[in-house]
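These notes concern the structure reproduced below.
Order of the sequence lines fixes the chain letters, A, B, ..., with proteins taken first and strands second; residue numbering starts at 1 for each chain. Computation of the quantities below employed the complete heavy-atom set of this structure, encompassing side-chain atoms and omitting hydrogens, waters and symmetry-equivalent molecules.
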Number of protein chains: 2
Amino acid sequence: MKVKKDMMSGEDIRNAGLKVTLPRVKILGVLEQLEHGHVSAEDLYKLLLDAGEEIGLATIYRVLTQFESAGLVTRHHFEGGQSVFELDRGDHHDHIVCIRCGKVEEFFDQTIEDRQQEIATSKGFAVEAHALTIYGYCKDPKCKGS
Amino acid sequence: MKVKKDMMSGEDIRNAGLKVTLPRVKILGVLEQLEHGHVSAEDLYKLLLDAGEEIGLATIYRVLTQFESAGLVTRHHFEGGQSVFELDRGDHHDHIVCIRCGKVEEFFDQTIEDRQQEIATSKGFAVEAHALTIYGYCKDPKCKGS
DNA sequence: AGCCGAATGCAAAAGCTTCTCATTTGTTGC
DNA sequence: GCAACAAATGAGAAGCTTTTGCATTCGGCT
Ligand SMILES: [Mn+2]
Ligand SMILES: [Mn+2]
Ligand SMILES: [Zn+2]
Ligand SMILES: [Zn+2]
């Protein structure tokens, strides 16, 4: 039974078998309050600094990786070097990214999901994951048309 | 009218506005003869060394990037750090990768392509590109089941 | 309060890719 | 063919993102 979570807390950290430390709580807090749910480790680091929390970048990377293993966070490899993270609220989705302004929108399409499964099966593969990202220009006047 | 090319040559390099140099010809040659068409810059470097061609890694990266701009080569960002390159024979396709042995298979599915276009349009995006990679375990006994 | 292992911060290191610059190589016009 | 010049190459340094080592600090438990 998959439930879409709205609120993460220290409970989730504890349930992942991790100590509930200040850095972890703060990182989870920032991820939760993000309007655009997608951030790089570096951006998260800066957001925390702005919020007055001095958490080392190494810790950010470590914690994000642990959160990922625990299923609290999802990591994406969009083009452009840096990994991007977002809270995993239990709703799988794919992304469409504007290559001009960087805006990220999410979508889910059962038809695509089904076809992927069929293709994998037909080739003898057992699907574990997939990454689908569409790149293009968004409807913003500044981005529309090259 | 899209034609699937079987053979690349110095002509293609020249048409891209590039000088027909020995390193570029050799790199194109290796890419062409690959059974599994997907290689990292590092692997390509080693393959050339094995073939007795001492071409600097920096040159490999430069040339691959130029070939990419010229449409001779496609670059993929599979998980695992390194970029992977393959000759662009004009036939767009996506990939399914074994997370155990690394095998890469290709597929093309018009239904998925169409749905992507529809989704992008519905969100006001003009599609420029997309990356779809399925990860799983291939049918090889060594890979099957975790 | 005090113990102990886990977590953190910092700096160093690693992994991949790009850049700098002196030297070499294609190409073009005699 | 050959000189002339711009373009390309090789080697190493540098750049970026991410990981790691280690001394110190912190969280959970008595
Ligand atoms: Mn998302
Ligand atoms: Mn391919
Ligand atoms: Zn945009
Ligand atoms: Zn396999």
Strand contacts (DNA chain C) in residues 38-49 of chain A, 4.0 angstrom heavy-atom criterion: none
Could I get a table of every N or O pair under 3.5 Å where one atom is in the protein and the other is in nucleotides 20-25 of chain C?
residue	atom	partner	partner atom	Å
C/dT20	O4	B/R62	NH1	3.3

Hydrophobic cluster partners of A/I134 (side-chain heavy atoms under 4.5 Å): A/I96, A/F107, A/I112, A/I119, A/F125, A/V127, A/L132, B/I96, B/F107, B/I112, B/I119, B/F125, B/V127, B/L132, B/I134
Those residues that, when tested against B/H93, pass ring-ring contact (aromatic ring centres under 6.0 Å, His included) (two or more places apart): B/H95
Test side chain to side chain donor-acceptor pair (under 3.5 Å) applied to A/Q33 - qualifying residues, sequence neighbours left out: none
Any residue of residues 67-75 of chain B with a heavy atom less than 4.0 Å from an atom of DNA chain D: none
Residues forming a ring-ring contact (aromatic ring centres under 6.0 Å, His included) with A/H77, sequence neighbours excluded: none
Partners meeting side chain to side chain donor-acceptor pair (under 3.5 Å) with B/E118 (sequence neighbours left out): B/R115
Under the side chain to side chain donor-acceptor pair (under 3.5 Å) test, residues paired with B/D140 that sit two or more places apart: none
Boundaries of the DNA chain D segment in contact with chain B, non-hydrogen, under 4.0 Å: D/dA6 to D/dG12
Residue list, side chain to side chain donor-acceptor pair (under 3.5 Å) with B/E68, at least two apart or on another chain: B/R75
Axis-to-axis angle between the two ends of the helix from C/dA1-D/dT30 to C/dC30-D/dG1 (five base pairs per end, rounded to 10 degrees): 40°
